[in-house]
Number of protein chains: 2
Amino acid sequence: MSPRRRDAEGTATARAGRRAELLAVAAEVFASRGYSATTVREVADAAGILGGSLYYHFDSKESMADEILSTFLDDMWTSYDRVLAAGLGARETLAAVVAESFRCIDAHRPAVVLYQNESKHLATSPRFAYLLDSHRRFEEMWLGLLERGVREGVLRADLDRPLVYRFIRDTVWVAAGWYRPGGRLTAGEIAKQYLAMVLEGIQAHPPTP
Amino acid sequence: MSPRRRDAEGTATARAGRRAELLAVAAEVFASRGYSATTVREVADAAGILGGSLYYHFDSKESMADEILSTFLDDMWTSYDRVLAAGLGARETLAAVVAESFRCIDAHRPAVVLYQNESKHLATSPRFAYLLDSHRRFEEMWLGLLERGVREGVLRADLDRPLVYRFIRDTVWVAAGWYRPGGRLTAGEIAKQYLAMVLEGIQAHPPTP
DNA sequence: CATTCTTTCTAACAACTGTTTGGTAGAGTA
DNA sequence: TACTCTACCAAACAGTTGTTAGAAAGAATG
């Protein structure tokens, strides 16, 4: 590593660090006020700089959303792929995927909220085509997992599969809307209880005589 | 009824009818493109008139959202109150409330989507204070219902009550995001399966020997 | 027919939007 | 010290936004 190269790397990582900071701020503002209701001046305000200064770091407001969402989705799918490759049974895979989802909510809360609220509108732009890809992949994964669960005898066969898919998908991700890191319940505890509800239901089990 | 009064009523209802038409259009556009991303010109376009013409019927863009949301909430609470006053057991009440919710989604889909996506942001304005009231009332109703369910022995006692509340609330209402009237499943069928999932879980029940 | 009333159009407005340009303070380097 | 580079500011830009005022088309009414 020549000193020249170390410098270049140093400034590059410093720059990337600042980008990450600004993106974190932007994600927070986007999530709380809504993407299109948020002005770049509001994002800049929250970051302590002026509106135009954001354009030193980013091409456009859209590119901020782009980077926020793709970073989150990359991390999510990396986690998912690891789980899916572990060769677990359907029930254990399902549990692990749900747990990973809540870990993602914990780690990327504003990005998840942004994804939930705006992905449908953003996806109409070709730039955000990867949102549709992710959506399809998501559906494929869950439908496959549910079918496997039924085949393995661990999931009920009398329910409409696409409906169960939407049920689980929505159930898990909307939690980003109210979840607060450092709150009463940890992401892990929430995941556990959610799993219990989804798998066993909230009904009291009649005592087996 | 004097002819004079009949005329006045006639024009009044005609006017109200036109308002309702325009509100239905506005709700659809708000729901599909997002409230703040929607321009009044887009709403007017969808209604076949020009942007400024909307202001003959409505004070502002905000007042359209206001009327859309309050109409929906009024209908919803009327239904809920009827159910709650019926004096049913906790389990039956829960089932009826869920069913009513899906009927509301069926009848007010765009309004529900609007409510889901924007109520959090809109509620910061004093004009939309009733959204917070509704939210509180909703929480109160569900927490009470869940507690009663546990007391009556029909619901599990080992789950975190506020978590179960959010679980049910979110689970039910997000369906507005993908539900399409006239689709493969009716609102009633979806309600039935949702209830089955929430109450009994999606896990296969081991055959009782 | 003339008149009134309802609904829409035309044409603008001020404010705000995302974005660009050129300048500048300050740290790092030689 | 002189130079360079990074990160920001200051000020503007063109387009869009919600909204308004006055005119006009057309139906209803007398």
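Below, chain A is the first sequence line, B the second, and so on; all start at residue 1. If you're wondering where the values come from, they're calculated on a predicted model, not measured in any experiment.
Using a cutoff of 4.0 Å between basic side-chain nitrogens and carboxylate oxygens, A/Asp160 and A/Arg166 are not scored as salt-bridged. The pair B/Glu42-B/Arg33 meets the salt-bridge criterion, since a charged nitrogen lies less than 4.0 angstrom from a carboxylate oxygen.
With A/Tyr35 as the partner, the ring pair (Phe, Tyr, Trp, His ring centres under 6.0 Å) test is satisfied by one option alone out of A/Phe128, A/Phe30, A/Tyr115: A/Phe30.
Residue B/Lys61 contributes atom NZ, which lies 16 Å from atom P of D/dT16 at whole-angstrom precision. C/dT10 atom P lies 15 Å from atom CG of B/Leu54, rounded to whole Å. Here D/dG18 presents its C1' atom at 15 Å from CZ of B/Phe58, a figure rounded to the nearest Å. The distance between atom CG of A/Leu50 and atom P of C/dG22, rounded to the nearest whole Å, is 19 Å.
Side-chain N/O atoms of A/Tyr55 include none lying less than 4.0 angstrom from OP1 or OP2 on C/dT20. A sub-4.0 Å separation between OP1 or OP2 of C/dT6 and a side-chain N or O of B/Arg18 is absent.
At a cut-off of 3.5 Å, with distance as the only test, no side-chain donor of A/Trp173 or A/Ser101 sits close to an acceptor on the other residue. Residues A/Asp75 and A/Tyr80 bring no donor and acceptor atom of their side chains to less than 3.5 Å of each other.
For the pair A/Ile49 and B/Asp59, nearest-nucleotide mapping onto DNA chain D gives the more 5' position to A/Ile49.
Checked against C/dT10, D/dA7, D/dA10, the side chain of A/His57 finds its nearest nucleotide in D/dA7. The A/Tyr56 side chain lies nearest to D/dT6 when the options are D/dG18, D/dA10, D/dT6. Taking only side-chain atoms of A/Ser53, from C-beta outward, the nucleotide of C/dT8, C/dC9, D/dC8 with the closest atom is D/dC8.
Applying a 4.0 Å cut-off to non-hydrogen atoms, the residues of residues 20-43 of chain A that approach DNA chain D are A/Arg41, listed by residue number.
Nearest approach of B/Glu200 to A/Gln203, heavy atoms of both residues: CG-NE2, 3.6 Å.
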